[in-house]
Amino acid sequence: MASWPARAPLGGLAPRRRAFVLALLALAAVLVVLVGVGVARQYRVPPPADPAVPGAVVLVPGYGGNRAAFIALTDRLRADGRRAVIVELPSGGTGDLVAQAATIDDTVRGLLDEGAPSVDVVGYSAGGVATRVYLDRERTAPAVRRVVTLGSPLRGAELAAAGGALVPGACPRACQQLAPGSALLSGLATAPPGLPWLSLWSADDETVTPPDSADLPGTDAVRLQDICSDATVPHSRLPVDPLSVGLVLRALGTGPLPTADATQCDALRTEGSEGS
């Protein structure tokens with residue numbers, strides 16, 4: 001029986017149509033490669049941060065996502081030569097804290113891709129809780145060298161519980177998750193082991209009640225009044241008060257985390273007010 005010569009897959013197409021099909025196949029191949037690279041980037045786990053090598057600083061705003069609270073601290077960090085980025089929280093900073101954690105992860109991954117050797121994270125108020133969720137769930141967490149939180153309701157805030165009970169419609173998802181004993185907080189009862197974490201809080205905090213909700217097991221929790229007995233620092237002043245700023249700057253260095261050492265009151269205030 002006679003055999004017919006094999007024909008190339010596109011051999012029966014007109015030259016123009018063959019060129020068009022080949023171009024489509026080439027474009028599809030490029031898209032497959034780009035998608036593969038994107039997926040690999042998304043799921044890549046960075047190496048653990050070197051404690052001796054400070055990198056970029058990621059600042060996470062509080063409930064409502066007010067980035068202005070961090071402007072002065074960001075400027076100070078940049079003046080000291082640190083790369084500092086304020087996270088743009090989704091849903092106006094009142095949505096799901098898990099989604100906020102994913103946004104922190106995206107921010108950290110972007111900095112690592114740009115060459116940052118590690119990151120330090122500073123979380124204010126609910127931003128500290130979003131940071132805790134991030135550390136528990138997201139793949140770039142090993143790149144975090146140090147954490148500082150300011151007045152963060154790491155064990156929940158009574159105000160959130162009251163808001164959810166009295167006016168449920170006025171308590172968005174993040175508000176519900178910040179209630180003491182919420183399902184989210186119950187799964188985050190301690191800080192990640194081995195991660196240097198300074199949790200600062202003030203006895204004058206009128207928003208996060210009880211203020212010592214910031215004292216999460218596994219963190220180095222410090223009450224500002226135990227350093228400067230005359231300190232009067234409400235919740236809104238935590239990111240800008242000279243004592244707070246001095247403590248943050250020291251915590252983001254390479255030495256031991258600051259402690260409740262009353263002999264350092266004046267020195268910390270001086271460090272925190274320099275350049276302001």
Side-chain angles (χ1 to χ4, degrees), residues 59-70 73 86-104 121-137 147-192 197-226 231-241 243-244 247-248:
L59 300 103
V60 187
Y63 187 82
N66 180 15
R67 302 171 81 247
F70 269 142
L73 181 56
I86 305 175
V87 177
E88 184 82 42
L89 295 175
S91 303
T94 63
D96 190 353
L97 289 170
V98 175
Q100 295 187 31
T103 301
I104 298 172
V121 183
V122 180
Y124 169 46
S125 194
V129 182
T131 298
R132 178 66 190 90
V133 178
Y134 155 75
L135 293 168
D136 187 64
R137 293 173 176 255
V147 173
V148 180
T149 48
L150 304 166
S152 293
L154 299 170
R155 293 188 287 118
E158 293 173 348
L159 183 63
L166 298 176
V167 192
C171 188
R173 182 62 176 156
C175 169
Q176 299 167 30
Q177 293 170 321
L178 291 170
S182 71
L184 183 70
L185 294 183
S186 295
L188 304 171
T190 61
W197 184 326
L198 180 65
S199 179
L200 301 175
W201 60 282
S202 171
D204 304 309
D205 196 322
E206 76 294 354
T207 300
V208 172
T209 56
D212 66 358
S213 174
D215 190 354
L216 184 72
T219 66
D220 290 311
V222 172
R223 188 180 72 156
L224 298 182
Q225 286 76 18
D226 290 336
T232 302
V233 187
H235 189 77
S236 62
R237 294 284 302 170
L238 281 165
V240 297
D241 181 83
L243 175 58
S244 294
L247 285 161
V248 170

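Sequence positions, counted from 1, serve as the residue numbers for this chain. These numbers come from a predicted model, not from an experiment. Heavy atoms only: backbone and side chains are in, while hydrogens, waters and symmetry mates are out.
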*Determine, step by step, whether Y124 and V60 satisfy the side-chain contact (heavy atoms from CB on, under 4.5 Å) criterion, reporting the C-alpha distance in whole Å, the side-chain angles of both residues, the deciding distance to 0.1 Å, and the verdict.*
CA-CA 6 Å; Y124 169 46; V60 187; over 6 Å; no
*Could you walk me through whether L150 and V248 pass the side-chain contact (heavy atoms from CB on, under 4.5 Å) check?*
CA-CA 9 Å; L150 304 166; V248 170; 3.9 Å; yes
_Before you tell me yes or no, could you show the steps for T149 and V147 under side-chain contact (heavy atoms from CB on, under 4.5 Å), namely the whole-Å CA-CA distance, both residues' side-chain angles and the distance that decides it to 0.1 Å?_
CA-CA 7 Å; T149 48; V147 173; 4.1 Å; yes
*asked:* Run the side-chain contact (heavy atoms from CB on, under 4.5 Å) test on L154 and S199 for me, step by step, so that the C-alpha distance in whole Å, both residues' side-chain angles and the decisive distance to 0.1 Å come before the verdict.
replied: CA-CA 9 Å; L154 299 170; S199 179; 4.0 Å; yes
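Put simply, the side chain of S213 gets close to the backbone of R155: a donor and an acceptor are under 3.5 Å apart. Here the side chain of D212 pairs no donor or acceptor atom with the backbone of D215 at under 3.5 angstrom. In terms of modelled atom types and a separation under 3.5 Å, the side chain of Q225 and the main chain of S202 share no donor-acceptor contact. Side chain of R132 to main chain of T190: a donor-acceptor pair is present (N/O by atom type, distance under 3.5 Å, no hydrogens or angles). For Q100 (side chain) and G95 (main-chain N/O), a donor-acceptor pair under 3.5 Å exists by modelled atom type. In this structure, the side chain of T131 engages the main chain of G127 through a donor-acceptor pair within 3.5 Å. The backbone N or O of Q177 lies less than 3.5 Å from a partner atom in the side chain of S182, making a donor-acceptor pair.
A donor-acceptor contact under 3.5 angstrom links the side chains of S125 and H235, judged on distance only.
Considering every non-hydrogen atom in both P61 and I86, the closest pair reads CG-CG2, 3.8 Å. Taking every heavy atom of both residues into account, L184 and R137 meet most closely at CD1-NH2, 4.2 Å. When all heavy atoms of P211 and A203 are compared, the closest pair comes out as CG-O, 4.3 Å.
For the side chain to side chain donor-acceptor pair (under 3.5 Å) test, residues two or more places apart in sequence or in another chain that qualify with D226 are R223. Residues meeting the side chain to side chain donor-acceptor pair (under 3.5 Å) test with S152, sequence neighbours left out: none.
Residues L243 and V233 are not in side-chain contact: their nearest non-hydrogen atoms beyond the backbone lie 4.5 Å or more apart. Counting heavy atoms from C-beta outward, T94 and Y63 have side chains that approach closer than 4.5 Å.
To the nearest 0.5 Å, atom CG of residue L216 and atom CG of residue L188 are 8.5 Å apart.
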